[in-house]
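Excluded from the calculations below are hydrogen atoms, water molecules and symmetry mates; all remaining heavy atoms, backbone and side chain alike, are included.
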Amino acid sequence: MLDKINALLQEVEQMKAANAEELEALRIKYLSKKGEISALMNDFRNVAADQKREVGKYLNQLKETTQNRINELKASFENVQTINDDLDLTRTAYPIELGTRHPLSLVKKEICDIFGRLGFSIAEGPEIEDDWHVFSSLNFAEDHPARDMQDTFFIQHNPDVLLRTHTSSVQTRVMEKQQPPIRIICPGRVYRNEAISYRAHCFFHQVEALYVDKNVSFADLKQALLFFAKEMFSPETKIRLRPSYFPFTEPSAEMDISCNICGGKGCPFCKGTGWVEILGCGMVDPNVLENCGIDSKVYSGYALGMGIERITNLKYQVKDLRMFSENDIRFLRQFESAN
C-alpha cells in the first residue's frame with residue numbers, strides 16, 4: 001500500500017491544469033468520495049495492525065498535499081481572472097478624479113498657517129465640556145444669558161456638563177497646565193442652541209488665539225490683527241476696532257475689515273458702510289488669569305476669536321451658511337482649484 005501512496009504522491013506533485021475545468025476533473029479524480037485517495041482510505045482497514053501507524057501517516061500526508069496543490073492551482077486561476085476583469089492593458093490612460101478639501105478646512109488651515117508664522121502653536125480640547133472651563137473660569141456671571149438653555153446644549157439635564165459654546169475652553173485648560181509664555185491658536189467645532197437659517201446654525205467652527213506673557217499690550221493685539229487681515233484677504237485691507245464687551249476680556253473690541261468686494265466704497269454686501277465685522281478680541285481679563293493660576297500682576301495677554309464660516313463667507317462669497325454642511329458635491333467642486 002505504501003507503493004500506491006508514493007506513486008500517487010508523485011502524480012500529485014506534478015499535477016497541472018490549464019483551466020478551471022481541468023482542475024475540477026483532477027479534484028474529482030483524487031479527492032471525491034469515489035476518488036483514488038478515498039479508495040486507499042477504504043483499503044486502509046485491511047492493513048496489518050503493526051503497520052497502521054506508519055501507513056496512516058503517509059496516507060494523511062498524501063491527502064493534505066493533494067488538497068494544497070489543488071488550492072494553489074485554484075488561486076492562480078483566480079488571480080489571472082481578477083487581473084483580466086479589473087485591468088485592461090489595452091486601454092488608454094485616463095485621469096482619475098480626486099477628492100477635494102472642504103472650504104472650511106481650507107480656510108481653517110490658512111488661518112492656522114498665518115498665526116503659525118507669528119509663533120502660535122495649535123491647541124485642542126474636548127467638545128463635551130464642564131461649566132468651569134466654558135463659563136465660570138472665563139468670568140461669566142451666574143446669571144449671564146449664555147448660561148440659559150436657549151443658548152447652550154446641556155448633557156442629560158446636567159447643568160455642569162455641556163457642549164462647548166466656544167473654543168475659549170481650550171485656552172483655560174492650557175493656562176491651568178502651563179505657565180507663560182503662552183501663544184496658542186484653538187480651532188474647533190462649537191455648538192449653540194440656535195434656529196438654523198442661511199446665517200446661523202446649531203453647530204459651527206471657531207478659531208481663537210491667546211497670547212500671554214510679560215508686557216503684552218493692546219498694541220501687540222492690533223498689530224497681530226492687522227497682519228492677519230492683510231495676509232488673509234489682501235495687502236490693501238484696512239481694519240478698525242470698535243469698543244465692545246466680552247466677560248473674559250477687558251478692554252474688549254470688535255474688528256471690522258474694509259469690504260473685500262467693493263474695496264470699502266460701499267455695496268449691498270457691507271450694507272453700504274464699506275466695513276464688515278469678522279471677529280471679537282481684547283485684553284485677557286485679570287480675573288481669568290487668576291482663575292487659571294497665572295499672576296495677573298506679572299503677566300498680561302490678549303485673546304481673539306472668529307467664526308471660520310464667517311471668514312469663508314467673506315473669502316469665497318458664500319451667502320448661505322447651510323451649504324457648508326449639506327455635502328452637495330456641486331457646491332464642493334467649486335473649491336477644487338483652491339486645494
Quiz: residues 241-255 side-chain donor-acceptor pairs under 3.5 angstrom, not counting sequence neighbours:
residue: R242; atom: NE; partner: D256; partner atom: OD2; Å: 2.6
residue: R242; atom: NH2; partner: E254; partner atom: OE1; Å: 3.3
residue: R242; atom: NH2; partner: D256; partner atom: OD1; Å: 3.0
residue: S244; atom: OG; partner: E254; partner atom: OE2; Å: 3.4
residue: T249; atom: OG1; partner: S252; partner atom: OG; Å: 2.5
residue: S252; atom: OG; partner: F246; partner atom: N; Å: 3.4
residue: S252; atom: OG; partner: T249; partner atom: O; Å: 2.7

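Ring geometry for F115 versus F120: interplanar angle over 60°, hence perpendicular rather than tilted (30 to 60°).
Other residues, nucleotides and ligands place more than 12 heavy atoms under 6.0 Å from the CD atom of E290.
For residues 273-300, the set of pairs meeting the ring-ring contact (aromatic ring centres under 6.0 Å, His included) definition, not counting sequence neighbours, is empty. Identified under the salt bridge (charged side-chain N to carboxylate O under 4.0 Å, His left out) test for residues 291-300, with sequence neighbours left out: none.
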- request: For the pair H205 and E309, evaluate side-chain hydrogen bond (donor to acceptor under 3.5 Å, both in side chains) and give the outcome as yes or no after the intermediate values.
  value: CA-CA 7 Å; H205 301 78; E309 281 85 349; 2.8 Å; yes
message: Using side-chain hydrogen bond (donor to acceptor under 3.5 Å, both in side chains), reason through N68 and E72 one step at a time and then give a plain yes or no.
response: CA-CA 6 Å; N68 290 340; E72 289 176 6; over 6 Å; no
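Proximity of the aromatic rings of Y302 and Y211 is defined here by a centroid distance below 6.0 angstrom, and this criterion is met.
Listed by chain and number, the hydrophobic cluster partners of F204 are V190, where partners are ILVMFWY side chains within reach of under 4.5 Å, directly or through others.
For E176 and R173, the salt-bridge test fails: no basic side-chain N is under 4.0 Å from an acidic carboxylate O. We find that E54 and K57 are not joined by a salt bridge, their nearest charged nitrogen and carboxylate oxygen being 4.0 Å or further apart.
With sequence neighbours left out, T312 forms a side-chain hydrogen bond (donor to acceptor under 3.5 Å, both in side chains) with no residue at all. Every residue was checked against the salt bridge (Lys or Arg N to Asp or Glu O under 4.0 Å) condition with K230, not counting sequence neighbours, and none meets it.
Residues P187 and I122 meet the side-chain proximity criterion, which asks for heavy atoms closer than 4.5 Å. Side-chain contact between L332 and P103 is present, with at least one heavy-atom pair separated by less than 4.5 Å.
Contact detail for A303 and L210: the closest heavy-atom pair is CB-CD1, 4.3 Å.
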